[in-house]
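Quick caveat, the model's predicted, so the values are computed rather than measured. The chain is numbered in sequence order, starting from 1.
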Amino acid sequence: MDIITAPAAMTRYAEAARMRGDRIALIPTMGFLHDGHIRLMREGRKRADLLVASVFVNPTQFGPNEDLARYPRSFERDCELMRAVPVDAVFAPEPAAMYVPGAQTWVEVTELTRGLCGAHRPGHFRGVTTVVAKLFNIVKPHFALFGEKDFQQLRAIQRMVADLNFDVEIVPVPIVREADGLAMSSRNAYLSPDERKQALALSRALCAARDKHRAGAISAEELANAAANVLRRTPGVAVEYVEAVDAETLATKPAPKRPVLVAIAARVGKTRLIDNTVLSPME
């Protein structure tokens, strides 16, 4: 497995692969890998001749009071996991290589990022779309795979790719959960044993919304309330938002007969967690 740290070297590597006719898949990560990341990599392995994973804790997507400094990191462990997939190349740049002195250009998707997490994390998605655009230009993938747990991020990246004519296929991959239903996240490492139990309220809340939907509820308010009621009854869970929105546009008034996204953000202790489920009109 090749480990590449310089953007120019990564681009030369990718261009040589393309000249050979290889198809490249990219899995962007911030490291501290879990089974959700590994599933993305295995899906990428199926689709491409050359599998590249990036490991970069992107400073521009963290707010001033967020967890950039303490975000979990374990590069050697990550490399062991990636070799087992196997990943062909890891792109692991330093921030100074990605954001050179004097840089002043941003990529921003506007409407899709106003609500949900965007309303609570100003500048976050601008940082995400900017770094992903840079990764696309550096790695030159044919495919890029993203998990559906970060659903608003996925939609923002899909919009960016369409609007800016990036020649890359975005492949969504379903949420990977622990056996008890907790959505896998690198931030789960912050949770104490008691907080880990409390965090299960998020997946239970989504199950409640799904049950309400199956019972005939169609309004966004009914679905969001079903989930919120579960969270309110759980000690130690501080709700940031519970919303039911159009799964395509993320509009707060879902269009009739279209999938609905029920999305949650909540804090358990000091840890911010997100989760979601998509309800189809036929469910």
Kindly determine whether R73 and D78 satisfy salt bridge (Lys or Arg N to Asp or Glu O under 4.0 Å), including the steps that lead there. CA-CA 9 Å; R73 295 161 170 87; D78 290 346; over 6 Å; no
With distance as the sole test, does H142 use its side chain to make a donor-acceptor pair with the main-chain N or O of L26 at under 3.5 Å? no
Determine yes or no for a side-chain-to-main-chain donor-acceptor pair under 3.5 angstrom, with D49 supplying the side chain and A25 the backbone. no
Just how far is it from atom CZ of R258 to atom CG of L279, taken to the nearest 0.5 Å? 14.5 Å
Does any non-hydrogen side-chain atom of K140 lie less than 4.5 Å from one of E15? yes
Evaluation steps, side-chain contact (heavy atoms from CB on, under 4.5 Å), between E148 and V173: CA-CA 6 Å; E148 292 181 345; V173 177; 5.9 Å; no
Using modelled atom types and a 3.5 Å cut-off, is there a donor and acceptor pairing between side-chain atoms of H124 and backbone atoms of Q61? yes
I'd like to know if the side chain of S74 reaches the main chain of F32, judged simply by a donor and an acceptor atom lying under 3.5 Å from each other, with no hydrogens or angles considered. no
Nearest 0.5 angstrom please: M160 CE to N165 CG, how far? 11.5 Å
Hey, what do you get for CG (D275) to CG (L206), rounding to the nearest 0.5 Å? 5.0 Å
Would you check, one step at a time, whether the test salt bridge (Lys or Arg N to Asp or Glu O under 4.0 Å) holds for R114 with E111? CA-CA 6 Å; R114 291 193 193 282; E111 293 300 321; 3.1 Å; yes
Output the distance between atom OG1 (T271) and atom CD (E195), rounded to the nearest 0.5 Å. 5.5 Å
Heavy atoms of A263 and N276 approach each other most closely as CA-CB, 4.1 Å
Would D246 and V260 count as a side-chain contact (heavy atoms from CB on, under 4.5 Å) here? Give the steps. CA-CA 5 Å; D246 190 293; V260 173; over 6 Å; no
Go through it in stages, so that I can follow the logic: the residues are R196 and L182, the test is side-chain contact (heavy atoms from CB on, under 4.5 Å), and I'd like the CA-CA distance, side-chain angles, deciding distance and then a yes or no. CA-CA 9 Å; R196 173 75 174 63; L182 183 67; 3.4 Å; yes
Is the count of non-hydrogen atoms from other residues, nucleotides or ligands lying under 6.0 Å from D167 atom CG greater than 12? no
Of all heavy-atom pairs linking A224 and A244, the shortest is CB-N, 4.1 Å
Are any side-chain N or O atoms of T129 and backbone N or O atoms of V107, one a donor and one an acceptor, separated by less than 3.5 Å? yes
Suppose the criterion is side-chain hydrogen bond (donor to acceptor under 3.5 Å, both in side chains): which pairs have a residue in residues 34-44, not counting sequence neighbours? E43-K46
What one should report as the nearest heavy-atom pair of C117 and Q152 is N-OE1, 3.0 Å
Test your reading of the model: is there a side-chain donor-acceptor pair from T29 to the backbone of S54, 3.5 Å cut-off? yes
Heavy-atom closest contact (I24 atom, A14 atom, distance): CD1-O, 3.7 Å
With no hydrogens and no angle check, do the side chains of N58 and T60 hold a donor and an acceptor under 3.5 Å apart? yes
Shortest non-hydrogen contact between L191 and A199, atoms and distance: CD1-CB, 4.0 Å
Taking the six-membered ring of Y99 as reference, does the cationic atom of K134 (NZ for Lys, CZ for Arg) lie under 6.0 Å from its centre and within 45° of its axis? yes
Determine whether a donor-acceptor pair (N or O, by modelled atom type, separation under 3.5 Å) exists between the side chain of Q198 and the backbone of G269. no
Would one find more than 12 heavy atoms of other residues, nucleotides or ligands at under 6.0 Å from atom CD1 of I218? no
Please determine if R70 forms a cation-pi arrangement with Y190, meaning its NZ or CZ atom is less than 6.0 Å from the six-membered ring centre and no more than 45° off the ring axis. yes
Scan side-chain atoms only and decide if N225 and E222 contain a donor-acceptor pair under the 3.5 Å cut-off. no
Side chains of R155 and Q158 only: does a donor on one sit below 3.5 Å from an acceptor on the other? yes
Over all atoms of both residues, closest heavy-atom pair of F136 and A144: CE2-CB, 3.6 Å
Considering only NZ, NE, NH1 and NH2 on the basic side and carboxylate oxygens on the acidic side, decide whether D180 and K197 come within less than 4.0 Å. no
May I ask you to test the L40-F146 pair for a side-chain heavy-atom distance under 4.5 Å? no
Applying side-chain contact (heavy atoms from CB on, under 4.5 Å), can you list everything that pairs with A89, at least two apart in sequence or on another chain? D2, I4, Y13, V52
Interatomic distance, CG@L223 vs CG@L261, rounded to 0.5 Å, equals 11.0 Å
Show your working on side-chain contact (heavy atoms from CB on, under 4.5 Å) between R272 and I274 and close with a plain yes or no. CA-CA 7 Å; R272 185 180 186 273; I274 60 173; 3.5 Å; yes
CD1 of I138 to OG1 of T11, rounded to nearest 0.5 Å, is 5.5 Å
For residues Y241 and L116, determine if any side-chain heavy atom of one lies less than 4.5 Å from a side-chain heavy atom of the other. yes
How would you list, by chain and number, every residue that makes a side-chain contact (heavy atoms from CB on, under 4.5 Å) with R126, sequence neighbours excluded? W106, E108, T130
